[in-house]
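Following: one structure in structure tokens, then a few remarks.
Below, read A as the first sequence line, B as the second, and so on, with proteins coming before strands; counting in each chain starts at 1. Side chains included, hydrogens not; waters and symmetry mates left out as well; all remaining heavy atoms used. Model, not experiment: these values are computed from the prediction.
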Protein chains: 2
Amino acid sequence: MGRLTGGDPSLLRRINSAVVLHALRTAAPSAAPTLTDLVKLTGLSRPTVEGVIEGLMESGLVMEASAEEGAARRQGRPARRFRFRVEAGHLLGIEIGPHRVAALLADLRGRVVGSASLEVSETASADERLERVREAVADLLRRSGVACGSLRAVGVASPGIVEADGTVRLGTALPEWTGLRLGERLRRSFRCPVLVENDANAAAVAEHWKGAATDSDDVVFVLAGLSPGAGSLIGGRLHRGFGGAAGEIGALHLLGREATPEEVLSTTGQPLHPLDEAQVARVFTLAREGDVRAQAAVERFMRRLVHDVAALVLALDPELVVVGGWAAGLDGVLEPLRAELARYCLRPPRVAQSLLGEAAVATGALRLALDHVEEQLFAVESTVTARR
Amino acid sequence: MGRLTGGDPSLLRRINSAVVLHALRTAAPSAAPTLTDLVKLTGLSRPTVEGVIEGLMESGLVMEASAEEGAARRQGRPARRFRFRVEAGHLLGIEIGPHRVAALLADLRGRVVGSASLEVSETASADERLERVREAVADLLRRSGVACGSLRAVGVASPGIVEADGTVRLGTALPEWTGLRLGERLRRSFRCPVLVENDANAAAVAEHWKGAATDSDDVVFVLAGLSPGAGSLIGGRLHRGFGGAAGEIGALHLLGREATPEEVLSTTGQPLHPLDEAQVARVFTLAREGDVRAQAAVERFMRRLVHDVAALVLALDPELVVVGGWAAGLDGVLEPLRAELARYCLRPPRVAQSLLGEAAVATGALRLALDHVEEQLFAVESTVTARR
């Protein structure tokens, strides 16, 4: 039991504020609540609700609803009605990938109001790549008519192991990425909090929010490619690991002194380029057309993917495995994975394909920005929770 | 935000009760607090503290301290002083293993006041094994002068995947263990809650409580043997997995169509018996003495252990790996493990040997019983925490 407070009045005010805001935020737009409604919904006293509402209106997060918003239940002298101002701020979710940068713009409820993406060369320098991010965001804000000052939080996802301060500890997929102070660089462009996350972690969060994992809290998301990455949710929460490296299962094969990922799918003896997705897709096509060497290469690829996913499943025992990334779009990845996991795992998880596809990483980055804002608005858990 | 309550008076009473009990429980025995002390310590009003103390005394958990317990600070008319009654109940931690059953008896603070263990044959039936448990417990209670009715919770740990209700879903290490309703069977013997857990999970909890992992909240405990099991703590909490099977990494080798664990350490071509620890120790001794076939066997064993631990580390990214189980006692297990993990993990964890050794599993079972009682006494977190 750490910070359990017996009678902290400012904490109590924050809890009450959060309770009222929650009630306003979940009310249907057609039924903006009155003070009386809020008293009933929250169990708080009328003077407490009045005080809280006043504070929330001052902060710009709550406003009086216009007449028609409460029309359905009007009777006699109309009572004042209140609503959460979803338009009081905006959020950005940004993906920085090897081939493209993408951004999603959303209101304070997380509803997407615009998107943009730009191609970028896989050999682009860190400066060039970040410049493309700024271009995409500027274009998106302009087209959406949203001022940069309206942004309340920005989530950013990219390959690599990301530290808590937004520095990339290790990122071999993008040039000049290892050691890059990505959070610090982007904070110069935005005047709001910037949260940086690993791409597979972000995608896991996204699939849980609005993809293939909405009905499960224990999920492993596999970003399947030549060297797979993974993100895990445990009890609905992202598991980053002690050093942010959880799920970086790709190194397991080095232990067995096996071939590198780039050699596994090669049919020529020459390793494939790790980011050359077209070339990889060709190997799969050749295999389907009966090419024996391509079939052997695909089998090697599948065996490795199954092994990596099995290691994650045995270590974590998730309810559900979601497979995304470009390899998930190739035929014949999901079925063998399912069959092999059923064979070797003591409690095989369900296996599903990503529903968000290409949008998963940016969507996850957006959700992280939304989480940050909600934590600020509804900061109850971290202060009231009693921990041993 | 699920069950956030604005103004539930019974919840408030429970929180206040927990706050007062916590203050009493952490007070030094030589300084039993007065009502005035408790008002200061908790921030609650005097009438509230008085009401709470009354309730706690009725439940038998709190009593007035005798004169000398508050002597240090007495002055004028002595104020009433109060203390937590650690002797108000007892806890049991039970290990059910292949070769022995063991039990630890503790007071309500978790301090061990007695222990017992009995040998049992690895071929004993489930009935025989449970009878040995009852014998060991009866002997322990008798020797300690503690009535069975004083037990408030019993923790039990054994090999196998254990479901939430205490049924063993899969347990190949002990005869008749798969499908055994272990919790239900033991609940017949005790008139208090019985909590059943996997042995490696329990050992992980124990090392965190009073072993090699007291200073880390992100820990993988490896119960190293022919087929290793593992338990993980994430953020200080046991990670059981969706189906209780997390850490059962032993099956990973089946995927590579490699030799079974029993074949790995064999020097004769004949598989070893999985539970014949003496035979395994002989192989290690022969290897140290220069036997080439034994050295090759040990190298195979180490390679597999490193691979299994690496899979756990890459999936979970813990701060610390604690190695226990009989293999941890063999020379030359820790150093190679450390070196190989440093070589292949992006962020290598610290590697430490179990400090609790043979006592780890029963100690963990005891901690689970203590957790259960504390949750009941201090049930704040689960009711106040706001969840999305």
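- Looking at A:Asp218, only its side chain comes within 4.5 Å of chain B, counting heavy atoms on both sides.
- You'll find the side chain of B:Glu299 reaches within 4.5 Å of the side chain of B:Arg303, heavy atoms only.
- The candidate from B:Ile234, B:Leu312, B:Leu170 with the greatest count of non-hydrogen atom pairs under 4.5 Å with chain A is B:Ile234.
- Proximity of A:Leu320 to A:Glu207: side-chain heavy atoms (C-beta onward) are nowhere separated by under 4.5 Å.
- In this structure, the portion of A:Arg169 lying under 4.5 Å from any heavy atom of chain B is its side chain and not its backbone.
- Only the side chain of A:Ile161 comes within contact range of chain B, with heavy atoms under 4.5 Å apart.
- Heavy atoms of A:Ala230 lying under 4.5 Å from chain B are absent altogether.
- Two residues are said to be in side-chain contact when any heavy atoms from C-beta on lie closer than 4.5 Å; A:Ile53 and A:Glu50 fail this criterion.
- The shortest distance between side-chain heavy atoms of B:Thr172 and B:Trp177 does not fall below 4.5 Å.
- Looking only at side-chain heavy atoms (C-beta outward), B:Asn201 and B:His239 stay at 4.5 Å or farther from each other.
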